[in-house]
**Q** 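A single structure is presented below for examination.
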Amino acid sequence: MIMLQGALICVFVFWISNVLQKVFLINISYSPICLCTLLGLLVGKPTEGLVMGGYLQAIFLGVMAIGGVAPANKQLGSIIPCAFVLLGGMELEAGLAIAYTIGVLSNSINQLANTIFAASEPWWKNLALKANAKSYSMAHWVWFLVISMLPSALIIFFSVAFGTEVVANLVNLLPAKFMTGLSVASNCMTAVGIAIALKMTWQTKFAGFFFLGWILAYVIGLTQIQCAIVAVAIGAIWYFISADLDKKIKLNQSAGSVNRGGDFF
């Protein structure tokens, strides 16, 4: 009964994240750190959820949707392993190690569901030809908020409701050396995620920030939260300085255009 309730909570987290993204265009709701933190809050383990989300955020940093299709589903790859850890008692390292695999498998199943859903195209076309805006709008929202999410919601529900204890028990049977290797592998996945993100976003002019972060974390020994506060402060300073420079450039350009006009006459 407890796992069924946990599965329903996971489905709710998935649904609310989709509503926030699709209706209110809050893209950050798809982020692992938001999903896991919300799940942790709802099951009474906010700290554990935040930590899990932070690790998964680093792992999925390099996952980009090219042409609208991502290689792994961040939502399912975050919610399901997070539920395994928070509700099923699985070790954090094991949950991190299987997260990306779950994301890839879930994405494959969702693509199959999209192919099946494509068969409904004639029905939508016929509904549009009837020119009944009210019926079409109602059908759109039902599809948008319920039917389109159904495949992923079912995957989450059955995985958490009936798979959490099974997976946790299997992991507990693994030898200590295997778990040590799994822990190392999960740390490597975090490093790989950060490395992929850096490779895609790296610019030489920003290299100083990279080494500044290394100095703060490993030389000075600041905690992650302290480093995050420093990063936010630097971002705020950078933003206001850039905004001020943009204003000055626009003023200079407008003044220059006026002067050039006067010179012409």
Side-chain angles (χ1 to χ4, degrees), residues 1-18 20 26 28-61 63 72-103 105-106 152-153 155-174 176 178-194 217 222-229 231-232:
M1 187 65 180
I2 296 177
M3 295 314 302
L4 289 176
Q5 292 175 349
L8 290 174
I9 291 174
C10 291
V11 171
F12 173 75
V13 171
F14 169 77
W15 182 81
I16 197 67
S17 69
N18 275 274
L20 290 174
I26 303 176
I28 196 174
S29 65
Y30 275 12
S31 301
I33 194 167
C34 293
L35 294 168
C36 294
T37 301
L38 179 57
L39 179 57
L41 286 171
L42 294 177
V43 300
K45 297 181 179 179
T47 303
E48 293 86 342
L50 181 60
V51 172
M52 182 80 177
Y55 278 109
L56 290 175
Q57 187 76 24
I59 291 175
F60 284 103
L61 270 177
V63 177
N73 190 309
K74 291 190 292 185
Q75 289 176 288
L76 274 67
S78 301
I79 295 174
I80 294 176
C82 187
F84 286 169
V85 173
L86 300 184
L87 302 175
M90 179 186 288
E91 294 292 333
L92 175 65
E93 292 80 8
L96 295 175
I98 65 174
Y100 195 84
T101 303
I102 291 175
L105 292 174
S106 302
S152 295
I155 294 172
I156 294 173
F157 179 81
F158 287 108
S159 298
V160 176
F162 303 106
T164 302
E165 294 182 358
V166 175
V167 174
N169 291 332
L170 288 175
V171 171
N172 291 333
L173 293 175
L174 297 175
F178 187 89
M179 289 303 301
T180 302
L182 204 59
S183 176
V184 174
S186 64
N187 290 331
C188 289
M189 289 182 65
T190 304
V192 169
I194 295 175
L222 297 183
T223 64
Q224 291 183 357
I225 294 178
Q226 291 171 333
C227 289
I229 293 173
V232 170

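For the single chain, residues carry numbers from 1 onward in sequence order.
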**Q** With sequence neighbours left out, write down each residue that passes ring-ring contact (aromatic ring centres under 6.0 Å, His included) with Phe162, or none if nothing qualifies.
**A**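 If we apply the ring-ring contact (aromatic ring centres under 6.0 Å, His included) test to Phe162, skipping adjacent residues, the hits are Phe158.
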**Q** Return the minimal non-hydrogen interatomic distance between Gln57 and Ile33, and the atom names on each side.
**A**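 Shortest heavy-atom separation between Gln57 and Ile33 comes out as OE1-N, 3.1 Å.
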**Q** Restricting to side-chain hydrogen bond (donor to acceptor under 3.5 Å, both in side chains), what partner residues turn up for Ser29, sequence neighbours left out?
**A**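 With neighbours one apart ignored, the set is empty.
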**Q** Mind checking the CG-CG spacing from Leu56 to Leu92? Nearest 0.5 Å is all I need.
**A**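 Spacing of CG (Leu56) from CG (Leu92) equals 8.0 Å.
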**Q** Any chance you could measure Leu96, atom CG, to Ile59, atom CD1, to the nearest 0.5 Å?
**A**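 Reported value, rounded in 0.5 Å steps: 5.0 Å.
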**Q** Go through the side-chain N and O atoms of Gln75 and Ser152 and say whether any donor and acceptor fall under 3.5 Å apart.
**A**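 Distance-only check fails for Gln75 and Ser152.
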**Q** Search all heavy atoms of Leu76 against all heavy atoms of Pro81 and return the closest pair with its distance.
**A**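 Closest pair (atom of Leu76, atom of Pro81, distance): O-CD, 3.6 Å.
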**Q** Nearest heavy-atom pair of Leu35 and Ser17: which atoms, and what distance?
**A**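 In this case the closest contact between Leu35 and Ser17 is CD2-CB, 3.5 Å.
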**Q** Provide the closest heavy-atom pair for Gly40 versus Leu86 in the form atom of the first, atom of the second, distance.
**A**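 The pair with the smallest heavy-atom distance is CA-CD1, 3.9 Å.
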**Q** As an exercise, state the distance from CD1 of Ile102 to CG of Asn73, rounded to the nearest 0.5 Å.
**A**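 If we round to the nearest 0.5 Å, Ile102:CD1 and Asn73:CG are 11.0 Å apart.
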**Q** Go through the steps for Phe157 and Leu4 under the test side-chain contact (heavy atoms from CB on, under 4.5 Å), then give the verdict.
**A** CA-CA 8 Å; Phe157 179 81; Leu4 289 176; 3.9 Å; yes
**Q** Is there a donor-acceptor contact under 3.5 Å from the side chain of Ser31 to the main chain of Cys34?
**A**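 Not confirmed, Ser31 side chain does not pair with Cys34 backbone.
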**Q** Looking at every non-hydrogen atom in both residues, tell me the closest pair between Phe60 and Ser78 and how far apart they are.
**A**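 In terms of heavy atoms, the two residues are closest at CE1-OG, 4.1 Å.
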**Q** When you compare the side chain of Ile155 with that of Phe14, does any pair of heavy atoms fall below 4.5 Å?
**A**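 No. Closest side-chain heavy atoms not under 4.5 Å.
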